[in-house]
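The shown structure was predicted, so the numbers you read here are calculated from the model rather than taken from an experiment.
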Amino acid sequence: MTATDVDSLSRLLRYLCELDIVRVCGEGYELTDSGALLSSTAARSLQPLARLCGGAFSGSFAHLDHAVRTGAAGFDHHFGSHHFDYVSSPTATPRPSLPPGAATCSAMSAP
């Protein structure tokens with residue numbers, strides 16, 4: 001047992017299947033190759049970047065309407081700077097608790 005609501009957990013797992021993060025395996029689920037990249041033990045783990053996007057970056061989604069209306073990035077509007085500059089600045093405010101490796105993962109995905 002997982003001490004979770006069965007219906008909610010089922011919906012979450014179905015959604016993660018749609019995202020190719022997990023797949024059905026017998027009576028349960030297992031990570032896909034994509035999902036394995038979220039493990040902290042993966043050689044090129046994307047876990048720090050995922051934690052950053054789910055943490056500091058999530059506030060920028062509140063400005064989706066601004067981004068759609070103006071074409072400007074919601075993150076820039078919310079935090080006052082581009083996300084690469086933000087995560088590398090020791091004086092950014094509000095300063096999120098950046099997971100270890102987040103700036104490195106973010107830089108790896110830079111154009």
Side-chain angles (χ1 to χ4, degrees):
M1 292 313 242
T2 61
T4 59
D5 180 76
V6 174
D7 292 334
S8 295
L9 181 58
S10 287
R11 282 193 302 275
L12 174 61
L13 288 167
R14 285 194 310 270
Y15 178 62
L16 292 174
C17 282
E18 291 295 318
L19 296 176
D20 193 37
I21 302 297
V22 299
R23 66 177 156 253
V24 175
C25 179
E27 297 286 321
Y29 294 84
E30 66 182 6
L31 289 173
T32 62
D33 290 343
S34 297
L37 292 173
L38 296 173
S39 170
S40 62
T41 60
R44 291 183 53 110
S45 176
L46 295 177
Q47 186 185 81
L49 183 59
R51 292 183 64 209
L52 176 66
C53 290
F57 283 14
S58 64
S60 64
F61 289 105
H63 300 284
L64 181 61
D65 61 331
H66 173 79
V68 171
R69 280 194 323 272
T70 66
F75 188 95
D76 297 10
H77 181 71
H78 184 72
F79 290 104
S81 66
H82 187 272
H83 74 273
F84 290 121
D85 296 331
Y86 183 80
V87 298
S88 63
S89 170
T91 60
T93 16
R95 183 73 181 156
S97 175
L98 296 177
T104 303
C105 285
S106 186
M108 289 180 356
S109 66

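- Residue pairs satisfying the salt bridge (charged side-chain N to carboxylate O under 4.0 Å, His left out) criterion with at least one member in residues 70-80, sequence neighbours excluded, are absent.
- With sequence neighbours left out, the side chain to side chain contact (heavy atoms under 4.5 Å, CB included) criterion links A72 to H66, T70.
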All N/O donor-acceptor pairs, side-chain side in residues 16-24, below 3.5 Å, sequence neighbours left out:
residue : atom : partner : partner atom : Å
D20     : OD2  : S34     : OG           : 3.4
R23     : NE   : E30     : OE2          : 2.8
R23     : NH2  : E30     : OE2          : 3.4

Show me the donor-acceptor pairs within less than 3.5 Å that the side chains of residues 6-14 make with the rest of the protein, sequence neighbours left out.
residue : atom : partner : partner atom : Å
S8      : OG   : D5      : OD2          : 3.0
S8      : OG   : R11     : NH2          : 3.3
S10     : OG   : V6      : O            : 3.1

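- In terms of the side chain to side chain donor-acceptor pair (under 3.5 Å) criterion, H82 has no residue partners (sequence neighbours excluded).
- Closest non-hydrogen pair, A42 versus A36, comes out as CB-O, 3.5 Å.
- Taking the side chain to side chain donor-acceptor pair (under 3.5 Å) definition, one finds that S39 meets it with T41, sequence neighbours left out.
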